[in-house]
Amino acid sequence: MAYDHKEIESKWQGAWDKAANFSQDFSDKPKKYILVEFPYPSGAGLHMGHLRSYVAADVISRFLRAGGSNVMFPIGWDAFGLPAENYAIKMGVKPQASIAENIGNFRKQLDALGLSFDWSREVNTTDPDYYKWTQWIFLQFFKAGLAYEATGFINWCPKDKTGLANEEVIDGRCERCGTLVEKKELRQWYLKITAYADKLLDGLKDLDWPDAVKLQQQNWIGKSEGAEIDFKLVFKKNPGDNSWVDKDGNPAHISVFTTRPDTIFGATYLVLAPEHPWVRLATDADHDALLNRKKVLDFIESVRNKPEMERIAQDREKSGVELEGVTAINPATGKEISVWIADYVLANYGTGAVMAVPAHDERDFSFAKKYNLGIIKVIKPDHEIDECYSGEGMLIDSGEFTSISSSTAKSEMAAKFGRVKVFYKLRDWVFSRQRYWGEPIPLIHCKQCGIVPVPDNQLPVKLPDVDKYEPTGTGESPLASIADWVNIKCPKCGGEAKRETNTMPQWAGSSWYWLRYTDPKDAEQFAAKKNQEYWTPVDTYFGGMEHTTLHLLYARFWNRFLFDQGFVSAPEPFLRRIPHGIVLASDGEKMSKSRGNVVNPDDLISKFGADATRMYEMFLGPHELSVSWNERGIVGVKRFLDKIYRFGESGEFGADNAKIHKLVQKITSDIEHIKFNTAVAAFMEFFNDFGTMSRADWEKFLKLLSPFAPYITEELWHMLGHTDSVHTQPWPQYDESLIKDETVEIVISVNGKKRGTIRLPAGLEGNDLKQAVDSSELYAKLGLKDKKKEKIITVPDKLVNFVIKE
RNA sequence: GGCCGAGUGGCGGAAUGGCAGACGCACGCGACUCAAAAUCGCGCGAGGUUUCCUCAUGAGGGUUCGACUCCCUCCUCGGCCACCA
């Protein structure tokens, strides 16, 4: 018979004291801060990815509580942003209303799963009491000069009608809706995350994060050390024209960035990005320095109109055009070389200009071949190579540097021809969105005073409650059309002024939420320092792999900035990060509505129960690897729960059993190492063949199982006559002396091949083990007595291997 | 193209230098039953001369007394990044 999971679950949902999960500020017990990424309350409800993190974090939290820790395991809602707004538009309601409804659904689902959240610390990023502090933190960035306004080409999603951060563009498409992203020139707010590139890199060293996650962040920040080298320009159109001077009065030059200054003797031309500022000047009607201005302008136009997808396509052919009338002097050779613009040089990396060394760079090589440009070899390959060699080696034909190795030449040549320079792939964070559903950026544009921050005592700048909030598509936020909200007196001079109408991106509220949990209701500050000092940094942070270069990087940036400003007590926010693998559908594909292969947790809970859903989810496979959701197997877990329920009902207790001590050790260790799949297997294995079970052993068993299956264990605990909760009981301890076996199976092998096993007393080593084996039947049977043994390997309690010369 | 991860029965997976396939699903046989469901018991990588032996952890090589595990080369799948000079 199957136990009635529905009855048991609804009974305990009503009976459990939620305050038992509340954490205490400043308790003497050791603190543990267990965090899961707070959900985005979309209309779809919880998905299997949430389940994976939330159940794992719940098991850890319950385990640590039982071990005597003061555990904070909070939850909240990350509810601003595009998806919520798009959903509300689709449903024809206000986002405020749809968010409230979705949160209600999520809360039900989380409760149904039996997750032991500390609901007393609930936060919601769209609550003015919360976003007041998001705005306040933005103003700290602004006051520190790290929030700035600039006009530039940004990623623009034509469907969502808003700008996107670099991190939000995947394969040239909008991360949210999949639409091809366009380049649009717009006034935008930026956060200067690049100023923190080095600190964000250094901070990774001390974190207990998976190497894969650290590496991804490292690559995203993308530090390259190299040299910046100036190439002087020579003009053919007006010889002697000295109107081309730089800001220091020197003749005009182009600065290039290279990581291979050792190849400079092979630099046969320069290439600039079409958007390079110098190109703009050189093609300016007043300053025109080119002999082929029209051709160059046409080329720039054609690049600009090229769809982004085509420009980044994999097998794209490089194209460019020579700037006729201008040449550059290679500072190493003193030779004049041609200057080009080409679509393969990026305007926003390095200096936007490169020295081309076709013999030792594949991109330059294919470009040089197409346009018949010179190819000069200056590095001797370490192996035979046909055309282009991009590795390092011995320098050749490089003047005084000939016969020096690349690695030594690099620093010497960087110093001689230019200067050592570091560049990052990381770009500043486009921080404004032209949408309604976000935190208003708390700034005021005054004709007299310029940009003025909203004074602290006027925060929060509340999002006006309006009926029409659809994006305009003009590059302006819908807030711009709300006259009585936009028009305001300047707080500085009292004159006419207008509010900033852009809103913050979805990532703003989640960039500091773990700090708010430590002091969620504080009206005076975002979180009191002493609360932070007690709780932070977060001990273990569960979440998805997909947030590695978005949320996790942004959160580290905000935390580090606030730390430097003295507002935060720990330089790094998350000590240990446990990402979960993605949950695929049973066909191995990603779960998605359009594929129709989405598994809904509600259906599983209703059919098999929350306990079975939780345990099967953990049983599927290692937490960090991606798993295919195959529903067939859940009946195995359900059968196990039915079996233990029947045993509990029968109450057939017997003698104490030492096996329970091994189970305590195994489960404890598996939880500590996040190996839930083998923990579930260990429960099953124990229960398949436990022999006898005393009442005391049964109580230990229930306690061990309680973090995994909170409902059924509570029911069975009460069946024993207890009136308190199994979840408030201390974690069982094991007796070291009872987990050791008295005898062990020793494998006997010859030349590494297993030939049989014998049972011997445990703990025998070296000679003792050898002698015990020598006197065994198996030893005689294998005829080992008469064989000449080269070597005998003994491994205590494991095996004896005889190496015999044939 | 670069970086990271993974490849083990029909399936999910276990074992991370010492008995390969724990645990579970599916499947087969049996018990109980008028019957079915549920439950319980047994079997379940391939092959063979079947108390035992041989082969087998993507392919090939290497290190080792011994390799799923470590090293090298390659193949396949997944993830992230991608003209970053």
Side-chain angles (χ1 to χ4, degrees), chain A residues 1-2 170-172 210-220 222-224 226-227 256-260 263 271 273 311-316 318 342-346 348-357 360-364 366-367 390 423-427 545-546 548-549 581-582 584 586 588 590 615-616 619-622 624-637 639-640 642-643 646 675 677-688 745-757 789-795 797-804:
Chain A
M1 265 293 286
I170 311 291
D171 290 336
D211 288 339
V213 175
K214 287 194 194 182
L215 263 166
Q216 253 190 64
Q217 284 212 354
Q218 254 176 49
N219 292 341
W220 188 263
K223 184 176 186 168
S224 321
V256 304
F257 174 65
T258 178
T259 53
R260 295 297 302 275
T263 62
V271 196
R311 225 179 141 178
I312 65 165
Q314 200 170 111
D315 47 358
R316 70 216 136 217
K318 301 176 194 347
D343 56 1
Y344 77 96
V345 175
L346 303 174
N348 53 1
Y349 180 73
T351 60
V354 300
M355 63 176 208
V357 184
H360 304 293
D361 182 285
E362 311 219 351
R363 292 155 305 188
D364 299 340
S366 64
F367 191 79
S390 55
F423 277 101
Y424 301 91
K425 289 185 193 171
L426 187 70
R427 306 287 147 78
M545 203 65 189
E546 70 274 16
T548 300
T549 52
I582 49 171
L584 301 168
S586 54
K590 263 190 180 164
M615 282 189 80
Y616 184 56
F619 190 50
L620 270 176
E624 71 281 6
L625 295 184
S626 62
V627 291
S628 294
W629 180 267
N630 191 331
E631 201 181 310
R632 284 187 315 218
I634 195 171
V635 299
V637 175
R639 279 178 197 153
F640 165 75
D642 287 338
K643 216 152 70 170
R646 280 197 300 274
K675 291 176 75 177
N677 55 332
T678 51
V680 174
F683 280 120
M684 291 171 167
E685 201 173 352
F686 172 85
F687 212 79
N688 282 344
E745 289 251 291
I746 301 285
V747 173
I748 306 303
S749 60
V750 177
N751 292 339
K753 281 211 160 80
K754 180 191 166 190
R755 283 294 174 250
T757 63
K789 297 154 199 103
E790 293 243 310
K791 211 176 182 182
I792 301 170
I793 313 278
T794 61
V795 182
D797 294 348
K798 285 258 167 72
L799 94 164
V800 177
N801 183 27
F802 296 92
V803 185
I804 306 287

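Quick caveat, the model's predicted, so the values are computed rather than measured. Residue numbering restarts at 1 for every chain, and letters A, B, ... go by the order of the sequence lines.
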B:rA85 OP1/OP2 closer than 4.0 Å to side-chain N/O of A:Tyr349: yes
Value in whole Å for how far the P atom of B:rG2 lies from CD of A:Gln218: 19 Å
Touch class at under 4.0 angstrom, heavy-atom based, for A:Arg755 against every strand present: sugar-phosphate
Separation of the P atoms in B:rA14 and B:rG24, to the nearest angstrom: 15 Å
Between B:rC23 and B:rU76 - C1' atom distance, rounded Å: 28 Å
Interatomic distance where CZ belongs to A:Phe640 and P belongs to B:rG12 [whole Å]: 23 Å
Sugar-phosphate only, base, or nothing, as touched by A:Leu215 at under 4.0 Å among non-hydrogen atoms: sugar-phosphate
Nearest listed nucleotide, side chain of A:Asn677, among B:rA85, B:rU39, B:rG13: B:rG13
Residue pair A:Lys643 / A:Asn688, side-chain donor-acceptor N/O under 3.5 Å: yes
Euclidean distance for P, B:rA56 against B:rG41 (whole angstrom): 35 Å
Test log, rule side chain to side chain contact (heavy atoms under 4.5 Å, CB included), inputs A:Thr548 and A:Gln217: CA-CA 7 Å; A:Thr548 300; A:Gln217 284 212 354; 4.0 Å; yes
Summary of protein contacts for nucleotides 23-28 of chain B, nucleotide by nucleotide, where a base hit scores B, a sugar-phosphate-only hit scores S (4.0 Å, heavy atoms): BSSS--
Chi angles and distances behind the side chain to side chain contact (heavy atoms under 4.5 Å, CB included) call for A:Tyr616, A:Val680: CA-CA 9 Å; A:Tyr616 184 56; A:Val680 174; over 6 Å; no
Among B:rC19, B:rG13, B:rA85, the one nearest A:Asp361 by side-chain distance: B:rA85
Those residues that, when tested against A:Asp211, pass side chain to side chain donor-acceptor pair (under 3.5 Å) (two or more places apart): none
Whole-Å gap separating C1' (B:rG2) and CD (A:Glu362): 12 Å
Protein proximity profile, nucleotides 61-66 of chain B - base contact B, sugar-phosphate-only contact S, no contact -, cut-off 4.0 Å on heavy atoms: ----BS
Separation between CG of A:Leu426 and OG1 of A:Thr549, rounded to the nearest 0.5 Å: 10.0 Å
Span that lies between the P atom of B:rC53 and that of B:rA59, in whole angstrom: 25 Å
Salt bridge (Lys or Arg N to Asp or Glu O under 4.0 Å) against A:Lys754, all qualifying residues, sequence neighbours excluded: none
Which nucleotide in B:rC53, B:rG18, B:rC4 has an atom nearest any side-chain atom of A:Ala212: B:rC4
Secondary structure of RNA chain B in dot-bracket form (Watson-Crick or G-U wobble, distances below 3.5 Å, | marking inter-strand pairs): (((((((..(((.....[....))).(((((.......))))).((((...))))..(((((..]....))))))))))))....
Sugar-phosphate only, base, or nothing, as touched by A:Glu546 at under 4.0 Å among non-hydrogen atoms: nothing
Nearest-neighbour nucleotide for the A:Asn630 side chain, B:rC11, B:rG5, B:rA85 considered: B:rC11
Along RNA chain B (nearest heavy atom to each residue), the more 5'-positioned of A:Lys425 and A:Pro622: A:Pro622
Nearest-0.5 Å distance, NZ of residue A:Lys223 to NZ of residue A:Lys425: 14.0 Å
Geometric class of the A:Phe640/A:Phe687 ring pair [parallel <30°, tilted 30-60°, perpendicular >60°]: perpendicular
Atom P, compared across B:rU49 and B:rG43: separation rounded to whole Å: 23 Å
Shortest non-hydrogen contact between A:Thr259 and A:Ser224, atoms and distance: CG2-CB, 3.9 Å
For atom OH of A:Tyr424 and atom P of B:rA82, their distance in whole Å: 19 Å
Which nucleotide in B:rA85, B:rG12, B:rA15 has an atom nearest any side-chain atom of A:Leu620: B:rG12
From A:Ile582 atom CD1 to A:Glu546 atom CD, the distance as rounded to the nearest 0.5 Å: 8.5 Å
Whole-Å C1' distance, B:rC27 and B:rA15: 25 Å
Atom-to-atom span, CG of A:Leu799 to P of B:rA15 - whole angstrom: 20 Å
Value in whole Å for how far the P atom of B:rA14 lies from CZ of A:Phe683: 17 Å
Any side-chain donor near an acceptor of the partner, A:Asp361 and A:Ser390, under 3.5 Å: no
C1' atoms of B:rG30 and B:rU64, separation to the nearest Å: 48 Å
Inter-nucleotide P distance (B:rC71, B:rA22), Å rounded: 27 Å
Which residues share a side chain to side chain donor-acceptor pair (under 3.5 Å) with A:Lys214, sequence neighbours left out: none
Shortest non-hydrogen contact from A:Ile804 toward A:Asn751: N-OD1, 2.8 Å
A:Asp364 CG - B:rC83 P separation (whole Å): 15 Å
Anti versus syn assignment for B:rG41, with syn defined as within 90° of 0: anti
CA sep, side-chain torsions, deciding dist, call: A:Tyr424, A:Trp220, ring-ring contact (aromatic ring centres under 6.0 Å, His included): CA-CA 9 Å; A:Tyr424 301 91; A:Trp220 188 263; over 10 Å; no
Phosphate OP1/OP2 of B:rA15 contacted by A:Lys675 side-chain N/O (<4.0 Å): yes
Touch class at under 4.0 angstrom, heavy-atom based, for A:Thr549 against every strand present: nothing
Closest nucleotide among B:rA15, B:rG13, B:rG18 to the A:Thr678 side chain: B:rA15
d(NZ, A:Lys798; C1', B:rA20) in whole Å: 15 Å
